A.B. asks: 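Before I ask anything, let me first share the structure, which is written out below as structure tokens.
Note that the coordinates shown come from a computational prediction; the quantities given were computed from them, not determined experimentally. First the proteins, then the strands, lettered A, B, ... as listed; each starts at 1.
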Amino acid sequence: MLRVFRYWVTLYRRTWRGSIVINVLNPLLFLIGIGAGLGALVDDNAPAQIAGVSYAAFFAPGMLAAAAMQNAFLEGSAGVARAAGFGAYRSATPTPLRPEQLAAGHLLFITFRVLIASGAFIVVMAAFGLIGGWWALGALLGATLTGVAFAAPAAAWAVGVRKLRHIDTVFRFVIMPLYMFSGTFFAVSQLPEWIRPVSYLLPLWHGVELCRTLSLGTATITGSSVHIAYLLTLAIGGFLVARVTYRRRLHP
Amino acid sequence: MVSTHPLVEARDLTKVYPARGSTPEFRAVDGIDFALERGESFGLLGPNGAGKSTTMRMIAATSPISGGSLRVLGMDPMKQGPEIRARLGVVTQDDHLDNELTVRENLHIYGRYFGLPRAVIRERATRLLDFAQLQEKAGDQVETLSGGMRRRLTIARSLINEPDILLLDEPTTGLDPQARHILWDRLFQLKQQGVTLILTTHYMDEAEQLCDRLVVVDHGRIVAQGSPQELIHRYATREVLELRFRLDERDTAAEKLRTSVLATGGTDAEGRVELLPDRVLVYTADGEAALATVHAMSLTPLTALVRRATLEDVFLKLTGRSLIE
Ligand SMILES: Nc1ncnc2c1ncn2[C@@H]1O[C@H](COP(=O)(O)OP(=O)(O)O)[C@@H](O)[C@H]1O
Ligand SMILES: [Mg+2]
């Protein structure tokens, strides 16, 4: 598994500078835009709606979780499907490595990537005074867990995908709508009442809540435990399924 | 460890791919038997879809068998896959090289997959790059290599663990003649060094050049086996007369030939006429004499060529089909 991880790190070493720049620039632009533009608008017009904090402080951790989801999903789906079709998995299959090790090594690397991207995001948040202290570390782990909860099931599915446009479809019709209904841009309490229970079932909502309560310092043990348990179940369940689907695809 | 057991032994080996979506299940390998001895160079010859790659994958312990039995290096591929793979070198039908990495990095990563120490990989990589005549390319990105170079790199890579058996799935398919000859030369050198080879091909000349012994497979079954010479001897004549006729003359000429002494004379392999879309083949012990007979029948072929029989002719005889459609 570590050998597989090392492989992905070798590839990453060629592009990490560019990717770190993107990891920092993205949230920077987002937060400037939100803080100075949309945030000012929202704060002036509806200050009471969102837990009595500035819109930027509300929005930033939501975006942190959603970005972790998006990065992890893309790497875990398109990245995995490519590796399975003509990439790294194919060249590693005839070696002593087992398909299960290929799954574990790649997921470990995706975890590492999400950790770095989330770390960059949190550094930017801290620079804006939106997070600080030990809470930042908690939010970092929360965001990373959110990522893994998406990457593992995505990999389990994508290793069998032969047409990359299927991934595009899922991204557009499953992942993007999650943004809307998981309290990323606005609180779930602002949604119509009948739709709220659906939100509470969505994995991204758990990720967003976990990151947001940790970053605002309002996290409770019970609440966080529920979110963590939900996300862990997805991550572990996804990995267990991936062990089976990886073998089916790579050892036909 | 000296052992008298075959390196690979297959009995009634079968592979059925399960149904997927609307595709029904498929019996790609349908009960084949063979044994491979150390130092031997063994070939699977057959057309596309015959089940060659499937057989190779089962031997390489990357595809579970569906029936029969298979032992590789005395082990069970279903239970000891990683142990078996650690001792094999595998060149798959498509090169799966890492285009983003350099030639040397590709060797390095691959060696690491086998858990080899860095120093060992470094030393072997240098030697293998020499062998593959890729020294000058060591630092180049794989993307920039030609097809023949990619293939040689794939072979070099497969040798990084100093395998007991080297499996090559269609090593020269898609290469131009010059690249193919360089590759044959490299493989022949390995064979001289005593490396045990299993290769698949649908090229007859390749099988003749590289294999001590072959099985001819078709539709997942073995239809013949033996050395290239034995097969030619058994299923073809010594010589073949290839005739081409004008289009308007072709059918009548073919008909005449088919009923002539050329088609009916002699034993099974002796004296036979095959009609192909573009030419007529006359199997005979003596090509020149057969051509004289053709002329005596007042037939006027556009071209007439006498050549040695090849495995292509064996395949045609065995299956009634040409090997490369
Ligand atoms: N993974 C697979 N799933 C289903 N069918 C397969 C699979 N791989 C190969 N086949 C089928 O099995 C048959 C034999 O394929 P293969 O072993 O690749 O033949 P060859 O290498 O001789 O061309 C083909 O008809 C092919 O379509
Ligand atoms: Mg094949």
A.B. asks: Crowded around Lys137(B) NZ? As in, over 12 foreign heavy atoms under 6.0 Å?
C.D. replies: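 It does not: Lys137(B) NZ has 12 such atoms or fewer within range.
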
A.B. asks: In terms of heavy-atom pairs under 4.5 Å, which option from Ser158(B), Gly89(B), Ser63(B), Gly81(B) contacts chain A the most?
C.D. replies: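 Most heavy-atom pairs within the cutoff with chain A belong to Ser63(B).
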
A.B. asks: If I compare all heavy atoms of Pro64(B) with all of Pro252(A), which pair ends up nearest, and what's the gap?
C.D. replies: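 Taking every non-hydrogen atom into account, CD-O, 3.4 Å.
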
A.B. asks: Start with the C-alpha distance between Asp98(B) and Tyr7(A), add both sets of side-chain angles, then the distance that settles side chain to side chain contact (heavy atoms under 4.5 Å, CB included), and finish with yes or no.
C.D. replies: CA-CA 11 Å; Asp98(B) 232 300; Tyr7(A) 161 81; 2.5 Å; yes

A.B. asks: With a sphere of 6.0 Å drawn around CD of Glu100(B), does it hold more than 12 non-hydrogen atoms of other residues, nucleotides or ligands?
C.D. replies: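 Not buried by this count: 12 neighbours or fewer within 6.0 Å.
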
A.B. asks: Does any heavy atom of chain A fall under 4.5 Å from the side chain of Ala86(B), the backbone, both, or neither of them?
C.D. replies: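 Both backbone and side chain.
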
A.B. asks: What residue in Arg6(A), Arg162(A), Arg247(A) has the most heavy-atom pairs under 4.5 Å with chain B?
C.D. replies: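 Of Arg6(A), Arg162(A), Arg247(A), Arg162(A) has the most heavy-atom pairs under 4.5 Å with chain B.
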
A.B. asks: More than 12 non-hydrogen atoms from neighbouring residues, nucleotides or ligands closer than 6.0 Å to CZ on Arg221(B), yes or no?
C.D. replies: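 Not more than 12 within 6.0 Å, no.
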
A.B. asks: Under 4.5 Å, counting heavy-atom pairs only, tell me which of Glu83(B), Arg57(B), Glu105(B) racks up the most with chain A.
C.D. replies: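 The residue among Glu83(B), Arg57(B), Glu105(B) with the greatest pair count is Glu105(B).
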
A.B. asks: Let me know if Phe114(B) has heavy atoms under 4.5 Å from chain A in its side chain, its backbone, both or neither.
C.D. replies: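 Backbone plus side chain of Phe114(B), per the 4.5 Å heavy-atom cut-off to chain A.
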
A.B. asks: Please identify, among Arg20(B), Arg157(B), Met58(B), His108(B), the residue contributing the most non-hydrogen atom pairs under 4.5 Å to chain A.
C.D. replies: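 Highest number of pairs under 4.5 Å: Arg20(B).
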
A.B. asks: Can you check whether Tyr113(B)'s main-chain N or O pairs, donor with acceptor, with Arg3(A)'s side chain at less than 3.5 Å?
C.D. replies: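 Here the side-chain-to-backbone pair exists.
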
A.B. asks: Drop me the distance from Ile109(B)'s CD1 to Trp8(A)'s CH2, to the nearest 0.5 angstrom.
C.D. replies: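 Between Ile109(B) CD1 and Trp8(A) CH2, I get 10.5 Å after rounding to 0.5 Å.
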
A.B. asks: Rounded to the nearest 0.5 Å, what's the gap from CG on Asp95(B) to CZ on Arg90(A)? Could you check?
C.D. replies: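 Spacing of CG (Asp95(B)) from CZ (Arg90(A)) equals 14.0 Å.
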
A.B. asks: Nearest 0.5 Å please: distance from the OG atom of Ser91(A) over to the CG atom of Asp94(B).
C.D. replies: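 That separation rounds to 12.5 Å.
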
A.B. asks: Quick one: which residues of residues 92-118 of chain A reach chain B at under 4.5 angstrom, heavy atoms only?
C.D. replies: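 From residues 92-118 of chain A, the residues near chain B are Ala92(A), Thr93(A), Pro94(A), Thr95(A), Pro96(A), Leu97(A), Arg98(A).
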
